[in-house]
Amino acid sequence: MTSPYQVFVAALPDICPADPHRMVFTADAGGRCEVFTWDARARRARQVTDSPAGTVHRAIDADGHVWWFEEDATGRGRWWFRHFDGGPRLPGLPGAPAGRPSGLAVTAGGTVAAAVTTGRRTVVLRGRRGRVPREVLSTTGPCRLGGVTPDGTLIALASAAEDAAAVTVVDPGGRIVATLPGPGRTGTRLWCQGFSPRPGHRELLLVRDLGDRYALATWTPAGGLRTHRWFTCDTEISARWYPDTREVLVRQDRHGRSLLHRVDLDGGRHTVVPTPPGSVLDAAPRDDGAVDYLWTDTAHPPVPHATDGIALPPPGPSVVVPGRHTDLWTPTDEGRVHTLLSLPEPAGRTTPPPAVFLVHGGPADHDRDAYDATVHSLVASGYAVVRVNYRGSTGYGPLWRRAFPAGVGHTQVADLAAVRADLVSRGLVAGDASALWGVSWGAYLVLLALGSRPGLWQAGVAVKPVADWVAAHRSTTPALRALDVRLFGGTPDEVPERYARSSPLSCAAAVTAPLLVVGAAHDTKCPPGQIRSYLASLAAADVPHEAMWLDTGHDGYDGATHVAVLRRSLRFLRDRLPEPAQGAPGRPPAPAGGPRSR
C-alpha cells in the first residue's frame with residue numbers, strides 16, 4: 001500500500017455513489033489537513049490537494065470527480081474539481097463569487113447546487129460541473145445548503161433551528177415551495193438532514209425538538225410536514241438516509257458518548273447498531289445496509305470501521321493516552337453536571353495534581369469521550385484534565401441546552417466553579433493549582449470566569465476568544481450575529497445591559513490570574529480588534545498577561561499552528577502552576593482535527 005498521509009483520518013470518507021470502492025477523505029499531510037482519494041480495491045491513497053493553509057471541505061460525485069473548496073486565510077475561496085484517476089484541476093463553478101462555503105451537493109444526473117456566503121449575504125447557485133452557474137436566490141439571512149432532490153428540482157436551505165423558516169424549500173427559479181416549520185407552528189425547532197437520495201423521490205428528512213425530546217420528521221410536496229413521534233430520543237440526534245430505502249441511520253449524542261439507531265420509517269421499528277463504548281464522530285449507511293463509522297474514545301485516536309468488509313483508509317499510528325479516564329457527576333441546585341475527568345498516573349505523588357479545565361466551545365456543543373491531542377499532552381505532562389459539559393451543552397436534552405438562568409456566560413461559569421469545588425472536596429485535584437483553557441466560545445468563558453470569579457483560578461489560556469461582546473457582534477459573521485440575538489434576546493442596541501454584563505471586557509480589570517491570550521489576524525468569527533481592546537484593558541489594569549498572534553483565520557487546518565499554540569500554552573502553564581509530578585512536558589502529539597468552533 002502506498003499512502004502519503006501520516007497521522008489521523010479526520011472524518012469518514014465520502015463514497016462515490018456509482019462505485020463504493022472509490023472514496024475521498026481528509027487526513028494529515030505533513031502537518032496540514034488535505035484531501036485524498038482512496039481506492040479500496042487497490043488499497044491505495046493519493047493526495048489531491050496541497051494548500052499552504054490546508055483543505056477540509058470535499059466531496060465526490062457519481063461520475064468520480066473529486067471536489068474541494070480552496071480557501072485563503074480568511075476562509076474565502078471557491079470550489080474546484082478533478083477526476084478520481086487524476087487529470088487537470090478545474091474550477092467547479094466558474095464565475096461564481098468567492099466567499100465562505102455554505103454547502104455543496106451534486107446529483108447523480110450532474111446537477112450542482114451550492115451556497116456561498118459573501119460578506120453579509122448568502123448566494124445559492126445551481127448549474128453543471130465546470131460551467132457557469134445561475135443564481136437561484138440571494139439572502140441576507142444566514143443559511144446553508146440543506147440538500148437537493150435527486151432530480152435537481154428542489155433545493156433545501158437551512159437557517160437557524162429556532163426560526164419560523166428554519167428550512168426553506170425552493171425550486172430552481174428561486175420560488176419558495178415551502179417554509180418549515182410553517183406559519184403558526186411556534187416553539188418548533190427543526191434541523192434539516194437532507195433529501196432522500198432515492199431516484200424519483202422528493203422527501204426531506206428533519207430532526208424536530210418536541211420540547212423535552214427529539215423526533216424524526218419528514219416533508220414531501222404532497223404530504224407536507226410529518227413528525228414520527230413513535231421514535232424519540234431524550235438527547236440530541238442527527239440522521240442520514242439509507243441510500244435505497246425509507247430507513248434512516250440516527251446518531252444520538254448522549255452524556256458524552258454515542259449511540260447508533262437504524263430506524264424504518266415504513267415499518268415503524270428501530271434497532272440499535274452495535275458500536276464500542278465511546279464516541280462515533282461520523283457514521284454513514286451503504287446500499288447493502290452496512291454502516292461505516294469513525295470511532296474514538298479519550299484514550300484512543302479515531303479509527304474507521306466498516307461493517308461490510310470494504311476497506312476504509314487505515315488509521316494513523318496506534319497510540320494510547322496515559323492516565324485514568326473516568327466520569328464524574330456534580331450535584332447542583334439546577335441539576336447534575338457531567339464531567340469527563342482524566343487523571344495522570346500517581347507516579348509517587350502524595351498530593352492531588354494540578355488541574356486544567358478544558359472548556360469546550362459552542363455553546364451548542366459538548367465534550368465527548370473522544371481523543372483530543374490537548375488532553376493527551378496535558379495528562380502526559382502530569383496535569384489532571386477536566387472537561388465539563390455545562391448548561392447549554394448538547395448531549396443532555398433540550399431543557400439542559402436551553403438553561404441559561406444566570407445569563408449568558410455566567411450560567412456556564414457557575415457550573416465550572418461547582419465542578420471545581422466538587423473535585424477539590426473529593427481530593428481529586430489541587431485546590432490551589434487550577435487553570436482554565438478554552439478555544440472560541442470556550443475561550444470567552446475562560447475570560448469571563450477569570451474576571452467574574454478571580455479567586456478560583458491560578459492561570460488561563462484563551463485561544464481566539466470573544467472578549468468584547470459589543471465589538472465582536474458588530475464585526476463578526478451574519479450567522480454569529482443571529483446567534484447573539486437569540487442568546488441575549490436582542491442586539492446590543494436593544495439590550496445593552498445584557499451584553500455588558502456578560503462581556504469579559506467589563507471585568508477585565510478584576511482578573512488576577514496570569515493569562516495567555518491567542519488571537520488570529522484574519523479571524524472573522526472572533527475578530528482581532530475586540531481582542532486587542534481587551535488586551536489594552538488588561539495592560540491598563542496591570543494584569544499579568546501574554547499575547548500570541550497567528551496569521552490565520554478562526555478555523556485553521558495547519559497542524560504546525562495548532563502545535564505551536566499547544567507548546568506555548570504548556571510552557572505558560574508550567575511556569576505558573578506547581579510543577580507536575582512527571583516534570584516538564586515533552587513533544588506534544590500532532591492534533592487530530594481542527595479547533596472547536598464558536
Side-chain angles (χ1 to χ4, degrees), residues 32-33 53-54 56 71-76 100 356-365 367 372-374 377 387 408-409 412 435-451 459-481 483-484 487 502-505 508 511 515-538 545-570 572-573 588 591 593-598:
R32 299 187 315 278
C33 184
V56 68
E71 59 192 86
D72 60 20
T74 67
R76 292 171 55 85
R100 294 186 298 275
V356 177
F357 285 67
L358 285 184
V359 189
H360 75 72
D365 198 353
D367 271 315
D372 185 318
T374 305
S377 297
R387 293 179 289 168
V408 175
Q412 291 71 43
L436 293 162
W437 182 339
V439 179
S440 195
W441 166 275
Y444 153 65
L445 292 180
V446 169
L447 300 184
L448 186 65
L450 292 178
V461 176
V463 182
K464 304 174 187 174
V466 175
D468 175 353
W469 266 120
V470 174
H473 177 87
R474 300 196 192 286
S475 54
T476 191
T477 65
L480 290 180
R481 278 195 296 275
L483 174 62
D484 295 345
L487 286 174
S502 294
S503 181
L505 185 65
V511 174
L515 177 60
L516 170 63
V517 179
V518 181
H522 308 291
D523 196 337
T524 58
K525 294 182 179 179
C526 299
Q530 48 98 30
I531 295 176
R532 292 191 177 96
S533 297
Y534 180 82
L535 291 172
S537 293
L538 292 180
H545 68 280
E546 299 177 14
M548 178 181 183
W549 285 98
L550 309 174
D551 190 28
T552 68
H554 191 79
D555 303 307
Y557 315 126
D558 181 2
T561 300
H562 298 312
V563 172
V565 173
L566 185 59
R567 287 177 171 163
R568 174 74 177 268
S569 302
L570 287 169
F572 178 84
L573 292 177
R596 300 177 178 91
S597 296
R598 177 181 162 194

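Computed from a prediction, not measured in an experiment: that's the story for all the values here. Heavy-atom basis, side chains included; hydrogens, waters and symmetry copies ignored.
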Partner residues of Tyr534 under the ring pair (Phe, Tyr, Trp, His ring centres under 6.0 Å) criterion, sequence neighbours left out: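 With neighbours one apart ignored, the set is empty.
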
Sequence-distant partners of Asp523, side-chain hydrogen bond (donor to acceptor under 3.5 Å, both in side chains), two or more places apart: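 Applying side-chain hydrogen bond (donor to acceptor under 3.5 Å, both in side chains) to Asp523 gives His554.
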
His545: side-chain hydrogen bond (donor to acceptor under 3.5 Å, both in side chains) partners, not counting sequence neighbours: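 Not a single residue meets the side-chain hydrogen bond (donor to acceptor under 3.5 Å, both in side chains) criterion with His545.
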
What are the two closest heavy atoms between [X] and [Y], and how far apart are they?
| X | Y | value |
| --- | --- | --- |
| Phe572 | Leu516 | CZ-N, 3.4 Å |
| Tyr444 | Gly409 | OH-CA, 3.5 Å |
| Leu448 | Val408 | CD2-O, 4.3 Å |
| Cys526 | Pro465 | CB-O, 3.3 Å |

Min side-chain heavy-atom separation [X]-[Y] under 4.5 Å:
| X | Y | answer |
| --- | --- | --- |
| Lys464 | Thr552 | yes |
| Trp441 | Asp365 | no |
| Val461 | Val446 | no |
| Val565 | Val439 | no |

Single hit among Val466, Val517, Asp468 for side chain to side chain contact (heavy atoms under 4.5 Å, CB included) with Ile531: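 Single pass found, and it is Val517.
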
Ion pair check, Arg100 and Glu71, cut-off under 4.0 Å: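 Salt bridge between Arg100 and Glu71, a charged N being under 4.0 Å from a carboxylate O: no.
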
Which residues satisfy the side chain to side chain contact (heavy atoms under 4.5 Å, CB included) test with [X], sequence neighbours excluded?
| X | answer |
| --- | --- |
| Ala560 | Asp558 |
| Arg474 | Val470, Pro492, Asp493 |
| Ser475 | Pro527 |
| Ala536 | none |

Candidate pair His360 and Asp367, rule side chain to side chain donor-acceptor pair (under 3.5 Å), full reasoning: CA-CA 6 Å; His360 75 72; Asp367 271 315; 5.2 Å; no

